[in-house]
Amino acid sequence: MLRFFFGSKLPSIGQVLSVFFYNVRTVKLNTRESASLAVRECNIFWEKARIPVRAVQHCITKLLNLYEEWRDLQKNAHKVGDSFKLKETEFINKLNNLFDIAHANALNIMKIENDKQFLINQRLPGRIGCLGGVDKKLLENENKAKNVNVVK
């Protein structure tokens, strides 16, 4: 499977929409299938960051709502009123923001303070911070815990 998202940050709205549009226009999938595929690709990054996410169907709905917002802007693109231009500018400005699919209680569920801070920073404009490599200490502790459970 191709990986459409890249970089060391959680995916932005613009990145998720671009994967969605690629699936609709190039791969010729319908909008629901395209949204599902884009969300599954996005979930890979969220899992790497160890951040709990919403149910997939809610993430798909969120993406389809963004698509509908884009469609409404596209339909009104020829209009020159200030309100239409303002809506267009607001949409363009939010494309670099985080496509936030975190669980509603993600910060309460998460135990590691660095992971919590990463999510908080990713929600800020500019998505401050980045994903690092594998946390070897944490991985070692998890493996030890698994081995203890297997022995019991």
Run the side-chain donor-acceptor check on residues 89-98: report pairs under 3.5 Å with partners two or more places apart or on a different chain.
residue, atom, partner, partner atom, Å
T89, OG1, K85, O, 2.8
N93, ND2, T89, O, 3.3
K94, NZ, E69, OE1, 2.9
K94, NZ, E69, OE2, 3.2

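Using a 4.5 Å cut-off on side-chain heavy atoms (C-beta onward), T61 and L64 make no contact.
Taking CZ from R25 and OG from S34, the interatomic distance works out to 10.5 Å, rounded to the nearest 0.5 Å. The line from NZ of K111 to CZ of R50 is 13.5 Å long, rounded to the nearest 0.5 Å. Note that the CD atom of E47 and the SG atom of C42 stand 10.5 Å from one another [nearest 0.5 Å]. Note that the NZ atom of K87 and the CG atom of D72 stand 8.5 Å from one another [nearest 0.5 Å]. Put simply, CD on E113 and CE on M110 are 9.0 Å apart, with the number rounded to the nearest 0.5 Å. Between atom CH2 of residue W46 and atom CZ of residue R54 there is a gap of 9.0 Å, rounded to the nearest 0.5 Å.
N30 and R32 make their closest contact through OD1-N, 3.1 Å (heavy atoms, listed as atom of the first residue, atom of the second, distance). Annotation for A106 and L119: closest pair CB-CD2, 4.1 Å, computed over non-hydrogen atoms. Of all heavy-atom pairs spanning Q74 and R71, the tightest one is OE1-NH1, 2.8 Å.
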Checklist entry - Would L10 and I101 satisfy side-chain contact (heavy atoms from CB on, under 4.5 Å), going step by step from the backbone distance to the final call? => result CA-CA 10 Å; L10 295 173; I101 57 172; over 6 Å; no
Checklist entry - Please walk me through it: do F21 and W70 pass ring-ring contact (aromatic ring centres under 6.0 Å, His included)? => result CA-CA 11 Å; F21 285 127; W70 176 82; 4.6 Å; yes
Next on the checklist: Between F99 and L17, does the side-chain contact (heavy atoms from CB on, under 4.5 Å) criterion hold? Intermediate values first, please.
Outcome noted: CA-CA 10 Å; F99 181 69; L17 280 172; over 6 Å; no
Next on the checklist: Please determine whether side-chain contact (heavy atoms from CB on, under 4.5 Å) holds for the pair D100 and R123, giving the CA-CA distance in whole Å, both sets of side-chain angles, and the decisive distance to 0.1 Å.
Outcome noted: CA-CA 8 Å; D100 195 348; R123 287 177 170 168; 2.7 Å; yes
Next on the checklist: Go through it in stages, so that I can follow the logic: the residues are K62 and N65, the test is side-chain contact (heavy atoms from CB on, under 4.5 Å), and I'd like the CA-CA distance, side-chain angles, deciding distance and then a yes or no.
Outcome noted: CA-CA 5 Å; K62 180 175 182 155; N65 288 339; 5.6 Å; no
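In this structure, F45 is a member of the same hydrophobic cluster as I120, with clusters built from ILVMFWY side-chain heavy atoms closer than 4.5 Å. Linking Ile, Leu, Val, Met, Phe, Trp and Tyr residues whenever their side-chain heavy atoms come within less than 4.5 Å leaves L73 and F84 in two separate clusters. The hydrophobic clustering, which links ILVMFWY residues whose side-chain heavy atoms are closer than 4.5 Å, places I109 and F118 apart.
Partners of K116 by salt bridge (Lys or Arg N to Asp or Glu O under 4.0 Å), not counting sequence neighbours: none found.
With hydrogens and angles ignored, the 3.5 Å screen pairs a side-chain donor or acceptor of S18 with a backbone N or O of Q15.
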